[in-house]
Amino acid sequence: MTTIDAPRLDPTTLFRPRLGKPDPELEPIRAKVLRGERLTLDDGDLLYTTPDIWTVCELANLVREKLHPGVAYYNINRHMNYSNICALSCKFCEFYRKKGDDGAYTRDEGYIREEARKAVENGATEMHIVGGLHPYLPWDYYPHMMRWIKDEVAKAGGTLHIKAFTAVEIVHLAKIAKKYKRDDRREGIRWVLQELKDAGLDSLPGGGAEVFDDRVHDEAYKGKIRSDVWLDVHTIAHELGLNSNCTILYGHIEQRRERLVHMDMLRRAQDAALHRLGYTGDANWQQYSETFPATEHIDAPAITLTREGVDQPTPDMSANGGYFQTIIPLPFFPDGSELENLPGPTGLENLRTLAVARLMLDNFPHAKAFWIMQTLPMSQLMLQAGADDIDGTVVWYDITKVGGASTHQETTVWDLQRAIQEAGYEPVERDTLYRRVERDGTCWSVS
Ligand code: V47
């Protein structure tokens, strides 16, 4: 096992964030935010280095309020991991096991049906499903899993949205289904996504993106797909009409600039997705494309959702599938991983990263403070710093265990509502597609 040394504290980054000491250098960024104009990577650098973190939060809050005035979202959901057996050994991950290890598991049909039934009984609107790259499960297991769930839900007289499989799992499935060709990977990815969609898959979660940077990839999660493949999977999902989310796993061995590049790559992929859905771009988009290196995903005009009168999100945005819904910054938890000698990000770094993500990802409708990883008290603060969503009741969570938590990491609707209300927002229960849920006990519909 190779270890990566914990970074030494850099004295130039030691400053005291102070309330009431505004940084005048942020004013040009404020002007851009008010105009709904795209921020550059250099703007992002400044947002990351200014001691005036509170203005950064305030600016992110301006965007968040413009998009979702007065409300914050939560959902009633249930996470399920079908297996923790994984062919990969990513250094940041404490979830994976090898076959035969203590605690290794693979769920069978009975378990999966039971989880689906419990989800409906508890009024869940969504099941979030991910697992390791299982080396031996056959391809059929995966579409069957979708059908077992939909069948059980129908028997229970309910409805459940299946949000499942990270991009790296989709590529793995294309390989085990023998559909993956190195010279045309898109064809195999499309085949898998279409088959899963036909079997009941409704959207993709945002996991597995980590940080889109080859150096970080090779040091911390070599063997995983790279950014171009991750973006291909999501682009094809969008082309098939599936919505998806995206994450950034920060606070390990990456630099802040690498986070900003990751965010820029995501917003360019979103430009392309929204363009396909008929959104018109910013007339000044060429100025941005000259600022950033081009990639194959970057050829659409910049689309900013808060630009006055041009690109306002339409009320039927949720009816047109095929775009990124939510950015979810995930703070790195070192415990139990191969990188456990690293300190992980601090609370202020988490707050700032959430705010920076909200500001940079100007074409994303939503920013989520995932309470399981951010903690509920911190998520509450993040609602005033760019986040409009704190995720849901979750129930079981096996990927990270904050502060020695068990896999049972459930919270109540009452706790979620109280956290939101106390932060000054109306709590709105949403379904996966961010439609308002009307509820009568465990029965629900969307308005
Ligand atoms: O893909 C793994 C990350 C992700 C660690 O789409 C870690 O709505 C921190 O993607 N420390 C899974 N993070 C979680 C995820 C997610 C969660 C909630 C909602 C949604 C959504 C998506 O967690 C993994 C990986 O990037 N992860 N290990 C760790 N030690």
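Note that the structure is a prediction, hence the values are computed from the model and not measured. Counting starts at 1 for both ligands and their atoms, following the listed order.
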>> Under the rule for side chain to side chain contact (heavy atoms under 4.5 Å, CB included), what residues qualify as partners of Gln417, not counting sequence neighbours?
In response: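 Per chain and number, Gln417 pairs via side chain to side chain contact (heavy atoms under 4.5 Å, CB included) with Tyr74, Val413, Pro427.
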>> Restricting to salt bridge (charged side-chain N to carboxylate O under 4.0 Å, His left out), what partner residues turn up for Glu426, sequence neighbours left out?
In response: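 Applying salt bridge (charged side-chain N to carboxylate O under 4.0 Å, His left out) to Glu426 gives Arg436.
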>> Please output the residues near ligand 1 using a strict heavy-atom distance under 4.0 Å, listed in chain and residue-number order.
In response: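 For ligand 1, the residues that come within the 4.0 Å heavy-atom cutoff are Phe92, His128, Lys163, Pro205, Gly206, Gly207, Gly208, Glu210, Asn245, Thr247, Leu249, Ile328, Leu330, Pro331, Phe332, Phe333, Lys368, Phe370, Met373, Asp391, Tyr397, Ile399, Thr400.
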>> Give me each pair satisfying side chain to side chain donor-acceptor pair (under 3.5 Å) with a member in residues 97-107, each pair once, sequence neighbours excluded.
In response: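 Only Ser83-Thr106, Ser89-Lys98, Tyr105-Asp398, Thr106-His134 qualify under side chain to side chain donor-acceptor pair (under 3.5 Å).
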> Which pair of non-hydrogen atoms, one from Val120 and one from Gly158, has the smallest distance, and what is that distance?
Replying inline: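 So the minimum-distance heavy-atom pair works out to CG1-CA, 4.0 Å.
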> Is the closest side-chain heavy-atom distance between Met145 and Phe165 below 4.5 Å?
Replying inline: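 A side-chain contact under 4.5 Å exists here.
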>> If you take the centroid of each ring, where Trp contributes its six-membered ring, are Tyr323 and His238 closer together than 6.0 Å?
In response: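 Not close enough - the centres of the two rings lie 6.0 Å or further apart.
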